[in-house]
Participant: 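The following block contains the structure, expressed as structure tokens.
Sequence positions, counted from 1, serve as the residue numbers for this chain. Predicted, not measured: the structure shown is a model, and the values here were computed from it.
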Amino acid sequence: MKRLLVSLLVVAALQQATYAQLTTVADGGNKKAIVGERIGLTDVTIHYDRPAVKGREGKIWGELVPYGLTDLGFGSSKAAPWRAGANENTTIHFSTPVTVQGKPVAAGTYALFIELGKEASTLILSKNSTSWGSYFYNPSEDALRVPVKQQVVDRLVERLKYEFVQQTENSATVALQWEKLLFAFTIETDVKQQQLQSFRNELRSDKGFDWRPWVQAANWCADNNTNLEEALTWAEYGVNGKYIGEKNFTSLSTKARILGLLNRQEEAAAVMAEALPLGNMQELHNYGRQLLNQKKSKEAAAVFKANYKKYPAVYTTNMGMARALSSEAKYKDALKFATAALAQAPDEDSKKSINSMMEKLKAGTDINE
């Protein structure tokens with residue numbers, strides 16, 4: 001009987017220990033929120049709780065949220081910043097290294113705090129992202145302390161919110177707004193280096209078992225005029241890589257393009273001479289347009305004429321001939337090809353564009369300008 005009683009007590013204790021409460025709406029009407037943005041190849045995610053003003057306008061800053069570092073009366077911290085939200089820590093996660101307000105921050109998850117000031121405030125990122133609020137804040141765990149812009153806004157923001165604004169290719173500004181105050185800080189990433197590292201990693205995966213990704217990576221480098229020596233090895237692998245290399249217009253013209261950017265013009269010309277006979281009509285036409293954009297009108301005209309000889313009297317090559325002859329100031333001859341292309345135009349937008357070109361040719365103006 002005694003053993004049975006002990007067993008029942010143990011079971012009751014285990015049940016009590018393992019009891020978990022059901023999920024309910026957050027206390028005080030605070031709403032949980034997640035906001036994120038991809039900056040370049042970096043994912044930035046903020047988890048936070050959204051307190052409401054609830055009629056306390058004019059009593060938030062300096063009262064509900066104290067200035068400076070304060071003793072909150074609980075936990076180990078005697079000088080705690082604002083948790084920049086409600087309830088648990090506000091956290092911010094970076095999937096790669098970034099800079100925040102110009103200062104480097106490693107990839108990872110951080111607690112986000114703000115030390116409120118009357119005129120200026122300080123953003124704090126703490127390596128301890130799992131504590132509750134800022135009750136256990138310890139400055140020795142700071143990963144970053146930087147000034148943040150602080151400004152009064154002209155409308156009431158009832159619920160605290162974070163937004164990503166002023167986005168560029170490699171940066172975004174995070175704006176924290178509540179009541180009539182806004183705090184802003186800028187996150188930047190090294191997009192080019194991250195992209196290059198991504199290429200290096202992916203080309204060693206299953207994606208590298210095809211010539212096209214190697215050429216894609218090489219073309220990206222050419223587009224951005226960066227990392228050209230490594231890009232040349234990628235392009236070469238796309239052409240001659242064991243098992244996967246393929247000699248075609250795209251792979252060879254990419255290699256030629258990079259050789260040209262490296263000022264190895266004779267080699268570039270030789271590779272391009274190998275590429276041209278392999279090009280289809282559209283590839284050759286696009287290459288001619290590319291040469292025109294590079295102000296290489298003589299080379300472009302030769303490509304357009306060769307394309308016409310290979311694929312005569314169709315819309316694309318008639319347009320190419322119009323451009324070729326216009327670049328040589330042979331406007332009357334160019335007009336004949338433009339007229340032929342007009343009759344073959346595939347849609348109204350194309351017709352409008354050709355009509356505009358024809359007006360230029362009649363006026364003795366180069367349509368390539």
Side-chain angles (χ1 to χ4, degrees), residues 26-37 39 44-73 77-94 98-103 105 110-126 129 132-135 137 139 142-189:
D27 292 341
N30 298 319
K31 293 181 177 290
K32 291 189 178 298
I34 303 171
V35 63
E37 185 91 2
I39 306 172
V44 181
T45 311
I46 302 172
H47 286 75
Y48 66 106
D49 278 37
R50 301 182 64 195
V53 175
K54 294 191 294 189
R56 297 174 291 185
E57 185 177 348
K59 298 180 181 179
I60 300 293
W61 310 112
E63 296 185 33
L64 180 65
V65 179
Y67 290 118
L69 302 172
T70 58
D71 185 348
L72 299 174
S77 179
K78 303 303 178 185
W82 176 43
R83 72 188 85 178
N87 297 331
E88 302 97 326
N89 273 353
T90 296
T91 63
I92 186 166
H93 175 78
F94 308 110
V98 298
T99 62
V100 177
Q101 295 292 86
K103 301 294 183 181
V105 178
Y110 301 89
L112 192 162
F113 301 123
I114 288 180
E115 182 180 334
L116 179 67
K118 292 182 179 180
E119 302 297 332
S121 297
T122 300
L123 172 73
I124 302 169
L125 298 186
S126 172
S129 64
W132 182 276
S134 56
Y135 296 112
Y137 169 72
D142 288 355
L144 179 75
R145 292 180 64 92
V146 288
V148 290
K149 297 177 181 178
Q150 178 176 317
Q151 65 186 72
V152 176
V153 295
D154 59 4
R155 63 182 182 86
L156 177 73
V157 177
E158 175 65 22
R159 283 198 178 273
L160 182 148
K161 65 178 179 179
Y162 285 84
E163 287 185 311
F164 288 83
V165 298
Q166 299 174 1
Q167 296 95 333
T168 70
E169 181 188 48
N170 71 321
S171 70
T173 295
V174 176
L176 163 57
Q177 300 176 65
W178 192 28
E179 201 239 18
K180 290 190 174 181
L181 212 56
L182 180 150
F183 306 86
F185 58 93
T186 299
I187 300 168
E188 294 179 283
T189 65

Participant: Kindly compute the distance separating NZ (Lys103) from CG (Leu123), expressed to the nearest 0.5 Å.
Facilitator: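 Between Lys103 NZ and Leu123 CG, I get 13.0 Å after rounding to 0.5 Å.
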Participant: Are any non-hydrogen side-chain atoms of Gln150 and Leu181 less than 4.5 angstrom apart?
Facilitator: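 They are in contact (side-chain heavy atoms under 4.5 Å apart), so the answer is yes.
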Participant: Could you grab the distance from atom CG of Leu112 to atom OG of Ser134, nearest 0.5 Å is fine?
Facilitator: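 Answer for the CG-OG pair, Leu112 versus Ser134, is 11.5 Å.
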Participant: Between Pro51 and Gly85, which heavy-atom pair has the shortest distance, and what is it?
Facilitator: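 Heavy-atom minimum between the residues: CD-C, 4.2 Å.
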Participant: Return the CG to CD distance between Leu125 and Gln101, rounded to the nearest 0.5 Å.
Facilitator: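 It is 10.5 Å, given to the nearest 0.5 Å.
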Participant: By salt bridge (Lys or Arg N to Asp or Glu O under 4.0 Å), which residues pair with Glu188, not counting sequence neighbours?
Facilitator: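 Partners of Glu188 by the salt bridge (Lys or Arg N to Asp or Glu O under 4.0 Å) criterion come out as none, since no residue qualifies.
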Participant: Looking at side-chain heavy atoms only, is the closest gap between Glu63 and Val65 below 4.5 Å?
Facilitator: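 Not in contact.
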Participant: Considering all heavy atoms of both residues, which atom of Tyr162 and which atom of Val174 are nearest to each other, and what is their separation?
Facilitator: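 Reported closest heavy-atom pair: CD2-CG1, 3.8 Å.
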Participant: side-chain contact (heavy atoms from CB on, under 4.5 Å) for Lys161 and Arg50? Distances and angles first, verdict last.
Facilitator: CA-CA 7 Å; Lys161 65 178 179 179; Arg50 301 182 64 195; 3.9 Å; yes
Participant: Identify, with sequence neighbours excluded, every residue that meets salt bridge (Lys or Arg N to Asp or Glu O under 4.0 Å) alongside Asp71.
Facilitator: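 Residues passing salt bridge (Lys or Arg N to Asp or Glu O under 4.0 Å) with Asp71: none at all.
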Participant: Pairs in or reaching into residues 81-90: which pass salt bridge (Lys or Arg N to Asp or Glu O under 4.0 Å), with residues at least two apart or in two chains?
Facilitator: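 Residue pairs with at least one partner in residues 81-90: Lys32-Glu88.
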Participant: Taking it one step at a time, do Val100 and Leu144 satisfy side-chain contact (heavy atoms from CB on, under 4.5 Å)?
Facilitator: CA-CA 9 Å; Val100 177; Leu144 179 75; 3.7 Å; yes
Participant: What's the separation between atom CG in Leu176 and atom OG in Ser121, rounded to the nearest 0.5 Å?
Facilitator: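 Answer rounded to 0.5 Å: 10.0 Å.
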Participant: I want to check a possible cation-pi pair here: Lys118 against Tyr67, using under 6.0 Å from ring centre and within 45° of the ring axis as the test.
Facilitator: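 Geometry flag: set, cation within 6.0 Å and 45°.
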Participant: Quick check: closest heavy atoms across Ser171 and Thr168, and the distance to 0.1 Å?
Facilitator: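 Reported closest heavy-atom pair: OG-OG1, 2.6 Å.
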Participant: Describe, in one word, how the ring planes of Phe183 and Trp82 are oriented to each other, choosing from parallel (under 30°), tilted (30 to 60°) and perpendicular (over 60°).
Facilitator: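 Rings of Phe183 and Trp82: tilted, as their planes differ by 30° to 60°.
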Participant: Residues two or more places apart in sequence or in another chain: which of them pass side chain to side chain donor-acceptor pair (under 3.5 Å) with Gln177?
Facilitator: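 For Gln177 the side chain to side chain donor-acceptor pair (under 3.5 Å) partners, ignoring immediate neighbours, are Glu163.
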Participant: Residues two or more places apart in sequence or in another chain: which of them pass salt bridge (Lys or Arg N to Asp or Glu O under 4.0 Å) with Glu37?
Facilitator: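 Counting only residues at least two positions away or on another chain, Glu37 forms no salt bridge (Lys or Arg N to Asp or Glu O under 4.0 Å).
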Participant: If I take atom CG from residue Asn170 and atom OG1 from residue Thr189, how far apart are they, to the nearest 0.5 angstrom?
Facilitator: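 The OG1 atom of Thr189 is 5.5 Å from CG of Asn170, to the nearest 0.5 Å.
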Participant: Which heavy atom of Ala80 sits nearest a heavy atom of Leu72, and at what distance?
Facilitator: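 Closest heavy-atom pair between Ala80 and Leu72: CB-CD1, 3.7 Å.
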Participant: Measure across Leu160 and Trp178 and return the closest heavy-atom pair with its distance rounded to 0.1 Å.
Facilitator: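 For Leu160 and Trp178, the tightest heavy-atom pair comes out as N-CD1, 3.3 Å.
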Participant: Can you tell me how far apart CD1 (Ile187) and CD (Gln167) are? Round to the nearest 0.5 Å.
Facilitator: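 One gets 11.0 Å once the value is rounded to the nearest 0.5 Å.
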Participant: For residues Arg145 and Tyr137, report the shortest heavy-atom separation together with the two atoms involved.
Facilitator: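 Minimum heavy-atom contact is NH1-OH, 3.3 Å.
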Participant: Distance-only check: which donor-acceptor pairs under 3.5 Å involve side-chain atoms of residues 55-62, not counting sequence neighbours?
Facilitator:
from, atom 1, to, atom 2, distance (Å)
Arg56, NE, Val53, O, 2.8
Arg56, NH2, Ala52, O, 2.6
Glu57, OE2, Lys180, NZ, 3.4
Trp61, NE1, Glu179, OE1, 3.1

Participant: Regarding Thr91 and Asn89, is there a side-chain donor-to-acceptor distance under 3.5 Å anywhere?
Facilitator: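 No donor-acceptor contact under 3.5 Å links the two side chains.
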Participant: Within a strict 4.5 Å, meaning less than it, do heavy atoms of the Ile46 and Phe164 side chains meet?
Facilitator: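 In contact.
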Participant: Hey, mind stepping through Tyr48 and Val35 against side-chain contact (heavy atoms from CB on, under 4.5 Å) and telling me if it holds?
Facilitator: CA-CA 9 Å; Tyr48 66 106; Val35 63; 4.0 Å; yes
Participant: Please step through side-chain contact (heavy atoms from CB on, under 4.5 Å) for the pair Thr122 and Phe113, ending with a clear verdict.
Facilitator: CA-CA 8 Å; Thr122 300; Phe113 301 123; over 6 Å; no
